[in-house]
Amino acid sequence: MSTTRATVIGVGHYLPDRVVENAEFEKTLDTTDEWIRSRSGIERRHFAAEGQPTSDLATRAAQAALADAGLEAGDIDAIIVATSTADLTFPSAATMVQASLGMTRGFAFDVQAVCAGFVFALTNANALILSGQAKRVLVIGAETFSRIMDWTDRSTCVLFGDGAGALVLEAQEGTGEASDRGILSTDLNSDGRHRDLLYVDGGVSTQSTGYLRMQGNAVFRHAVEKLAATATTALDKAGLAASDIDWVVPHQANIRIIQGTAKKLGLSMDRVVVTVQDHGNTSAASIPLALSVGKARGQIKPGDLVVTEAIGGGLAWGAVVLRW
Ligand code: UT7
């Protein structure tokens, strides 16, 4: 039976020029390169330039993905930006990207599910394509978490970075089998009872921007269990098993979470794309960044079964199973 599939036809990313090594934090905080590496796996991260907003990072990643797809902005029907650090309260970062790309048709909107944002955005893009409302969707994850760091809080400010990644999805016909290219299944979850574990203590109605606050240890405990569970649920929905996976492309928050989740899924680390050492935690940007880097490294190839999974503030978490 013929089935429409939202299929990846382009991928790209952008990282700001400024690279900050762990050692830089030793100058201002009671921390060490050794602590940051051993507890998180992070070695360096990129920070946006002063005055460089999230929509600029998003636009550059989008341009790279469009070039990879051999398309122009006018070929796109919709743009979704996953971000918690949009330039302004409104309009959306997505409409800013739309204008920067010179796209005057279609529609654009943001999705906010913090570090799980890209998985939520991909699921929305998939729904738009399967329902026939869009043929080609640009899905972007872009963040400037450096803007919401409390630089005196060593337990958070050493962990995050800035960046953006993007995919172009296109409606293509499949057979309805798990051998099809494209998104095969998705699984989304949230549980607002855990909102105090990871949040920003400011926002529009408090008339402040606020800073990121995290009970890292508690988030860590939720992460491994929930990530393995959502990946397994998404695989079940596609009629697949963990042993079918070619690449897990996880949210890049902490190498120990990535290793723990792979172990729970029964996978060795040589099937996991890891970029956390170079990017830190870039929230909603981390998965598309890792997809783009994974392809550039020659890891992810056409036909590979890819599972993405992420968890973040809310808590919100989910997974997407797709064939590249
Ligand atoms: O992306 C959204 C989801 N977020 C995550 O997935 C993050 C999840 N959490 C984590 O990745 C880890 O919990 C952290 C990397 C944040 C922390 O690692 P941990 O092994 O859970 O450490 P901890 O929070 O239990 O802290 C251990 C110790 C504490 O000292 P005491 O209380 O044992 O004396 C901290 O004060 O490490 C101390 N510490 C630091 N020491 C040096 C915290 N931050 C630092 C630091 N440098 N930067």
Side-chain angles (χ1 to χ4, degrees), residues 1-13 61-62 65-66 68-69 71 75-82 109 111 113 116-141 165-189 227 229-242 244-251 265 273 284-292 294-295 299-311 316-324:
M1 197 181 72
S2 170
T3 308
T4 302
R5 297 287 194 191
T7 307
V8 178
I9 58 163
V11 61
H13 71 271
L66 285 170
D68 188 47
L71 295 177
D75 300 321
I76 299 297
D77 302 314
I79 300 174
I80 306 178
V81 176
F109 61 95
V111 162
F118 196 75
V119 165
F120 278 65
L122 267 186
T123 303
N124 274 278
N126 187 45
L128 288 173
I129 286 175
L130 297 193
S131 64
Q133 292 179 74
K135 190 165 181 293
R136 294 199 191 101
V137 184
L138 188 52
V139 191
I140 307 166
L167 295 184
V168 182
L169 293 178
E170 182 181 71
Q172 292 189 356
E173 286 312 302
T175 62
E177 304 293 322
S179 55
D180 286 347
R181 288 189 65 215
I183 293 179
L184 301 175
S185 64
T186 66
D187 183 58
L188 299 184
N189 311 268
L227 289 172
T230 187
T232 304
T233 302
L235 282 163
D236 279 352
K237 289 182 187 176
L240 293 165
D244 295 312
I245 297 174
D246 292 300
W247 293 104
V248 177
V249 183
H251 171 47
L265 291 170
V273 176
S286 89
I287 286 176
L289 264 167
L291 287 168
S292 182
K295 183 194 170 200
Q299 293 175 307
I300 305 171
K301 298 188 191 64
D304 281 354
L305 189 77
V306 174
V307 175
T308 66
E309 27 94 341
I311 186 165
W317 67 101
V320 172
V321 175
L322 63 93
R323 195 170 296 285
W324 195 256

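Predicted, not measured: the structure shown is a model, and the values here were computed from it. Any value given below was found using the heavy atoms of this structure, including those in side chains, with hydrogens, waters and symmetry copies removed.
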How long is the straight-line distance from [atom2] of [Y] back to [atom1] of [X], given to the nearest 0.5 Å?
X	Y	atom1	atom2	answer
L167	L322	CG	CG	8.0 Å
T230	L188	OG1	CG	7.5 Å
S2	D180	OG	CG	9.0 Å
L240	T232	CG	OG1	12.0 Å
R5	T175	CZ	OG1	7.0 Å

Task: All side chain to side chain donor-acceptor pair (under 3.5 Å) counterparts of N124, not counting sequence neighbours - done: none
Under 4.5 Å between any side-chain heavy atoms of [X] and [Y], yes or no?
X	Y	answer
D236	D187	no
V168	D75	no
T186	L122	no
I183	L169	yes
L227	H251	no
L291	V8	no
V249	W324	no
L66	I76	yes

Taking all non-hydrogen atoms of both residues into account, name the closest pair between [X] and [Y] and its distance.
X	Y	result
V137	A125	CG1-CB, 3.8 Å
S286	P250	OG-O, 4.4 Å
A121	V139	CB-CG1, 3.7 Å
V119	G318	CG1-C, 3.5 Å
A238	L184	CB-CB, 4.1 Å
A116	A316	CB-O, 3.4 Å

Can you tell me if [X] uses its side chain to pair, donor with acceptor, with the backbone of [Y] under 3.5 Å?
X	Y	result
D246	L305	yes
W247	D304	no
R323	G303	yes
S185	A234	yes
S292	P288	no

Task: Stepwise side chain to side chain contact (heavy atoms under 4.5 Å, CB included) check, F118 with V320 - done: CA-CA 10 Å; F118 196 75; V320 172; over 6 Å; no
Open item on the list: Once salt bridge (Lys or Arg N to Asp or Glu O under 4.0 Å) is applied, what residue pairs with a partner in residues 165-178 remain, sequence neighbours excluded?
Closed with: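 Found R136-E170.
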TODO: Starting from the C-alpha separation in whole Å, work towards a yes-or-no answer on side chain to side chain contact (heavy atoms under 4.5 Å, CB included) for I80 and L128.
DONE: CA-CA 11 Å; I80 306 178; L128 288 173; 4.1 Å; yes
